[in-house]
Amino acid sequence: MELLKNRICHSGQVIGNDILKVDSFLNHQMDVQLFQEIGKEFRRRFAADKITKILTVEASGIGIACIAAQYFDYVPVVFAKKFTARNLNAEVYESKVYSFTKGTHYLIRVDKKYINSSDNILIIDDFLANGKAVLGLLDISRQAGAQIAGVGIVIEKSFQEGRNVVLKENIRLESLARISSLKDGKITFVD
Ligand code: 5GP
């Protein structure tokens, strides 16, 4: 997606050799107009699928998923919670995820009320690095017995193992920008 790639080139900041900071339009300040184009592109790529729910994980996936949902006939967006709360139902699907950016494990949880075996789920997230967050969301979708239409990612770091991890699960993966390298502060795309 050229618009997104241009924005990454103009506003992305490389940290070390493997982290891309995109706080100015995706992870802190959010460019809603760009999110709309992202939503339309996800719809174009999953046009043939009858999606019943979009599943993401807090926090950065939520904004993207909500805007995208408007192009999927306003299907509900469900986000996995990373923190326990006393008001979270005891009946939850749960999965353990390793955080690439924080270097620790955390649990993600979805209330059993909100996904079930009649759902056809589109998983959406901001980044794909080693695929751990997506694996957790796949695990939760499967626990619910739901169908999984595929995974939509805004920025894939193709030099990490996430792509292979998702494809090995026999899951369709659509990434809107694929980065092949962040070496020496330079952003290079796959195509
Ligand atoms: P994974 O689970 O695929 O290893 O990592 C994906 C998650 O880690 C994403 O949800 C995202 O929040 C975070 N992440 C991984 N790499 C980056 C990065 O280079 N930049 C930013 N901003 N987030 C990242």
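Every number for a ligand or one of its atoms is a count from 1 in the order of the listing. Keep in mind the model is a prediction, meaning the values are calculated, not measured.
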Check your understanding: With the threshold set at 4.0 Å, does a side-chain nitrogen-carboxylate oxygen contact exist between Arg163 and Glu156?
Key -> yes
Check your understanding: Would Asp111 and Lys113 count as a salt bridge (Lys or Arg N to Asp or Glu O under 4.0 Å) if you check the C-alpha gap in whole Å, the side-chain angles of each, and the deciding distance to 0.1 Å?
Key -> CA-CA 5 Å; Asp111 190 316; Lys113 284 203 290 273; 3.5 Å; yes
Practice item. Would you mind running through ligand 1 and noting each atom that sits below 4.0 Å from a heavy atom of Ile19? Key: 19 (O)
Practice item. Treating Ile, Leu, Val, Met, Phe, Trp and Tyr as nodes and any side-chain heavy-atom pair under 4.5 angstrom as an edge, say whether Phe127 and Phe42 lie in one connected cluster. Key: yes
**Study point:** ligand 1 atoms in contact with Ala133 (distance to a heavy atom under 4.0 Å)
**Key:** 2 (O)
Check your understanding: For ligand 1, which atoms sit closer than 4.0 Å to a heavy atom of Leu20?
Key -> 18 (C), 19 (O), 20 (N), 21 (C), 22 (N)
Check your understanding: Can you name the one residue among Ile153, Leu34, Ile38, Ile54 that meets side-chain contact (heavy atoms from CB on, under 4.5 Å) with Ile64?
Key -> Ile38
Practice item. Enumerate the atoms of ligand 1 whose separation from the nearest heavy atom of Lys132 is less than 4.0 angstrom. Key: 1 (P), 2 (O), 3 (O), 4 (O)
**Study point:** Closest approach of any protein heavy atom to atom 22 (N) of ligand 1, naming residue and atom
**Key:** Asn27 OD1, 3.0 Å
Exercise for review: Examine the proximity of ligand 1 to Val57 and report which part, side chain or backbone, both or neither, has a heavy atom under 4.0 Å away.
Suggested key: neither
Exercise for review: Answer yes or no for Lys132 and Tyr98: cation-pi contact, defined as NZ/CZ to six-membered ring centre under 6.0 Å and angle to ring axis within 45°.
Suggested key: no
Exercise for review: Assess whether side-chain contact (heavy atoms from CB on, under 4.5 Å) is satisfied between Ile123 and Leu138, documenting all intermediate values.
Suggested key: CA-CA 8 Å; Ile123 291 172; Leu138 288 173; 3.6 Å; yes
Check your understanding: Any idea which protein heavy atom is nearest atom 11 (C) of ligand 1, and the distance to it?
Key -> Asp126 OD1, 3.5 Å
Review point. Should Tyr114 and Val77 be counted in the same cluster of Ile, Leu, Val, Met, Phe, Trp and Tyr side chains packed under 4.5 Å apart?
Key: no
Review point. Which residue and non-hydrogen atom of the protein lie closest to atom 13 (C) of ligand 1, and at what distance in Å?
Key: Thr101 CG2, 4.0 Å
Check your understanding: Are Lys157 and ligand 1 in contact, using a heavy-atom cut-off of under 4.0 Å?
Key -> yes
Review point. Is the charged tip of Arg43 near the ring of Phe72: under 6.0 Å from the six-membered ring centre and within 45° of its axis?
Key: yes
Check your understanding: Do Arg172 and Phe46 meet the cation-pi criteria used here (NZ or CZ under 6.0 Å from the six-membered ring centre, within 45° of the axis)?
Key -> yes
Review point. Can Gly131 be said to touch ligand 1, with heavy atoms closer than 4.0 Å?
Key: yes
Revision key, fill the gap. For atom 5 (O) of ligand 1, the closest protein heavy atom turns out to be Ala129 CB, 3.5 Å
Review point. Nearest protein heavy-atom contact for atom 4 (O) of ligand 1: which residue, which atom, what distance?
Key: Asn130 N, 2.8 Å
Revision key, fill the gap. So for Asp125 against ligand 1, with non-hydrogen atoms under 4.0 Å, the contacting part is side chain
Revision key, fill the gap. shortest atom 23 (N) of ligand 1-to-protein heavy-atom contact is with Phe127 CD1, 3.5 Å
